[in-house]
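Contents: one structure, followed by commentary.
Quick note: numbers below take in every heavy atom, side chains included, and nothing from hydrogens, waters or symmetry partners. Counting starts at 1 for both ligands and their atoms, in listed order.
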Amino acid sequence: GQGEMPEHVWNKIKDHPCYSEEAHHYFARMHVAVAPACNIQCNYCNRKYDCSNESRPGVTSERMTPEQAALKVVAVANKVPQLSVLGIAGPGDSMFDWRKTFETFRQVEKRLPDLKFCVSTNGLALPDHIDALADHNIDHVTVTINMVDPEIGTLIYPWIYHNGKRYTGLDASKILHERQMESLEALASKNILVKVNSVMIPGVNDQHLLEVNAAIKARGAFLHNVMPLISDAAHGTHFGLTGQRGPSAAELKDLQDKLAGGANLMRHCRQCRADAVGMLGEDLSQDFTMDKIDAEV
Ligand code: CLF
Ligand code: SF4
């Protein structure tokens, strides 16, 4: 329920299945995988998952143009009445591939003016696009933040690509960290709701996520979503190949309990794919592949 929440915040979350635990029983989201390019390398990436881009098995997302994406969104909206949110969350980075992201929103808003838009990004390019996000009435931005200490960042990010240059080591993590913090402050100043996703990597950043939680709360983040690293050598991620393990369910719960009292926690995340369609935990993406949509229009 609304509780102590201000009216303008409640209005933004009440039909968003990720930002409101209650809403996820009644509202559906979909993603379109229009953003294949990324400007950083995470040691857990396999480019199949959104938001945190977790490393689980799955079919590679369909790559599509903004035009195809808009057709798909209309097709889904016609068959899934609960659809309230369109997210762009990969398979690369929505704000590095910003042209495709914003062109998709332009195409969709002409046809479905009531649909809410949502993006997920690593934050590196985000400070350059805050005004554009506000212009498209985007009220929900997820930033994946795994550290606020660049030394820890060196264990997670081998390189970044920024302003036409590649950075490695501590330089890379310092720039990423500064840009992420700058993003949180700029989004808060525009009243855009921010969710931070953090991937819990045992022995790397697990206890450090307490500091991350405090830092993001201080910069106005609305929600913190701690997601377990799911590591498997079969998926070819760096962490998979080096034998990095993910946390057990008990370790995740233990950390979430320690975080209670800090930034609000999201506990109903289902670690969706970059092309997920439907209620959280449901995946209708195979019912809406481009060949099926082309056959209909
Ligand atoms: Fe998608 Fe992410 Fe928007 Fe939700 S998913 S871009 S905020 S509409 Fe949601 Fe999926 Fe968890 Fe993401 S359950 S992985 S938190
Ligand atoms: Fe992969 Fe996302 Fe990291 Fe880019 S930001 S490397 S797409 S997990």
With a 4.0 Å cut-off on heavy atoms, is [X] touching ligand 2?
| X | value |
| --- | --- |
| Tyr157 | no |
| Asp93 | no |
| Gly90 | no |

ask   = Of the backbone atoms (N, CA, C, O) and the side-chain heavy atoms from C-beta on, which set of Met266 has a member under 4.0 Å from an atom of ligand 1: side chain, backbone, both, or neither?
value = side chain

Proximity to ligand 1 by part of His31, non-hydrogen separation under 4.0 Å = side chain

query = Near atom 1 (Fe) of ligand 2, is there an N/O/S atom from Cys42 that is less than 2.8 Å away?
reply =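 For Cys42, the answer is no, given that no N, O or S atom comes within less than 2.8 Å of atom 1 (Fe) of ligand 2.
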
inquiry  = Looking at Tyr167, I'd like to know if its OH atom is crowded, meaning that more than 12 non-hydrogen atoms belonging to other residues, nucleotides or ligands lie closer than 6.0 Å.
reply    = yes

message = If the cut-off is 4.0 Å to any non-hydrogen atom of Cys269, which atoms of ligand 1 fall inside it?
response = 11 (Fe), 13 (S), 14 (S), 15 (S)

task = Below 4.0 angstrom from a heavy atom of Cys272, which ligand 1 atoms are there? Numbered from 1 as shown, please.
result = 5 (S), 10 (Fe), 13 (S), 14 (S)

remark   = Closest heavy-atom approach to atom 7 (S) of ligand 1 among Met227, Arg273, Arg270, Lys195 is made by Lys195

request  = Specify whether an N/O/S atom of Cys118 falls short of 2.8 Å from atom 3 (Fe) of ligand 1.
outcome  = yes

message = If the threshold is 4.0 Å, N to carboxylate O, is there a salt bridge linking Arg166 and Asp171?
response = no

inquiry  = Is it the case that the side chains of His224 and Asn213 hold a donor-acceptor pair, with the cut-off being a distance below 3.5 Å and no angle test?
reply    = yes

Those residues that, when tested against Tyr157, pass side chain to side chain donor-acceptor pair (under 3.5 Å) (two or more places apart) =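 For Tyr157, the residues satisfying side chain to side chain donor-acceptor pair (under 3.5 Å) (neighbours in sequence not counted) are Asn146.
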
task = Sort and list the pairs that fulfil side-chain hydrogen bond (donor to acceptor under 3.5 Å, both in side chains) and have at least one residue in residues 90-104, not counting sequence neighbours.
result = Asp93-Thr121, Asp93-Asn122, Glu103-Arg106, Glu103-Gln107

query = With a 4.0 Å cut-off on heavy atoms, does Met30 reach ligand 1?
reply =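 No, Met30 has no heavy atoms under 4.0 Å from ligand 1.
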
key: Within-shell test, His140 vs ligand 1, heavy atom, strictly < 4.0 Å   =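 The answer is no, since His140 has no heavy atom less than 4.0 Å from ligand 1.
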
